[in-house]
Amino acid sequence: MAATDLRGRDFITIMDFDREELETILETAFDLKRKFIRGEPHELLRGKTLFMFFYNRSLRTRNSFEAGMTQLGGHAHYLEPEAVYTPALPGEEKAYATERIADVARVLAEMGHGIAIRIYGKPTGWIYGKGRLIIQEFARWARIPVINMEDDVDHPCQALADIMTIMEKFGTDLRGKKFVMSWAYSGSVEKPLAVPQGAIMIASYFGMDITLAHPKGFDLDPNILNFVQKNVKKYGGSFKIVHDMDEAFKDADIVYPKSWTCQPTDGKTPLDVEKAKALFEANRHWITTVEKMKLTNDAIYMHCLPADRGMEVTDEVIDGPNSVIVEQAGNRLHAQKGLMALIM
Ligand code: CP
């Protein structure tokens, strides 16, 4: 393992980390997973507390952080922003309903060892980047690590679990593997860009041949695309964008088809829900079927969950032999334990 000291670091975006640091987190995650399977004690965070703010609902993220802190000998507090005083940016406070983030962050830092936040979509008025601003404000004031549990830009903890799952299937040398991040149809347009952006970013550290596939109008943030392009120059592999799902799936080793919305990324213009619905409906054929999977190189099927069955993917595929969705969700626990053990 690399001698990388991550103690005290925030984990807000994959972009803030280099390959060696990500490998250190992953190696720790694999080690803690082995200990979990063998029933060996690993209370590396005994007596420590993580405070978790969820502005959005969650099954996997909440339970993996809570269970992870318990297994590491600490404790996680679940905080509903509405049930405390909703943490607010300066100028957005409402008397006795909200509390300035500067105060919330500094007070919690007196009492515990980490703050984790999920915020995107509706609580931000669907303004791209607003969730990120809120998490950065926490990080500015808290003298303890701040963890992004998904904002409008990135879902870095999901990305760690994604690459961990890929490494379990293909080994740690991923050079030459074709990784396809594809858009998929959903009956809901309220889907942030965070998961596909996090997935292509983390894939770009490991020399894979990355194909991003989506119908026209579903572009990701240009800053993320530039970052991926620069990373493949630095670490090897390739990156291309196509607008045809069949073309993308051809000879793929890994397919990760999931829905995301057609959200402006200028940080000013909110999501136009009616326009998005029309664009989604025009692309109902972007569904992963057994026939599409036959185009691949016997690829593994990935999804961060929850999945919209019958829309994003057929039951036959998601419940089929190539689906790794349950291991992928389980790896949220191990990846985040590796992360927390190193930064908290
Ligand atoms: N993948 C994921 O973040 O799941 P939850 O929304 O259930 O936390």
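Just follow the structure's listing: the first ligand is 1, and inside any ligand the first atom is 1. By convention here, the first residue in the shown sequence is residue 1. Since the model is a prediction, treat every value here as computed from it, not as a measurement.
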Any carboxylate oxygen within less than 4.0 angstrom of a Lys/Arg side-chain nitrogen, looking at Arg284 and Glu281? yes

Lys/Arg N to Asp/Glu carboxylate O, Arg57 vs Glu80, below 4.0 Å: no

Under a 4.0 Å N-O cut-off, is there an ion pair linking Asp251 with Lys178? no

Which of the ligand 1 atoms, numbered from 1, are nearer than 4.0 Å to a heavy atom of His155: 2 (C), 3 (O)

Output yes when Asp244 and Lys250 qualify as a salt bridge under the 4.0 Å nitrogen-oxygen rule, no when they do not. no

Are Glu327 and Lys169 ion-paired here, with the side-chain N under 4.0 Å from a carboxylate O? yes

Under 4.0 Å from any heavy atom of Cys304, which atoms of ligand 1 are there? 1 (N)

Please check whether Arg57 reaches ligand 1 - meaning an N/O of the residue sits under 3.5 Å from an N/O of the ligand, judged on distance alone. no

Which of the numbered atoms in ligand 1 are below 4.0 angstrom from a heavy atom of Leu305? 1 (N), 2 (C), 4 (O)

When the aromatic ring centroids of Phe218 and Phe280 are compared, is their separation below 6.0 Å? yes

Quick one: look at Val195 and ligand 1, take heavy-atom pairs under 4.0 Å, and tell me if it's side chain, backbone, both or neither. neither

Relative to the heavy atoms of Leu59, which atoms of ligand 1 are at a distance of less than 4.0 Å? 5 (P), 7 (O), 8 (O)

Does at least one non-hydrogen atom of Arg332 fall below 4.0 angstrom from an atom of ligand 1? yes

Should the proximity of Arg62 to ligand 1, defined as any heavy atom under 4.0 Å, be assigned to the side chain, the backbone, both, or neither? neither

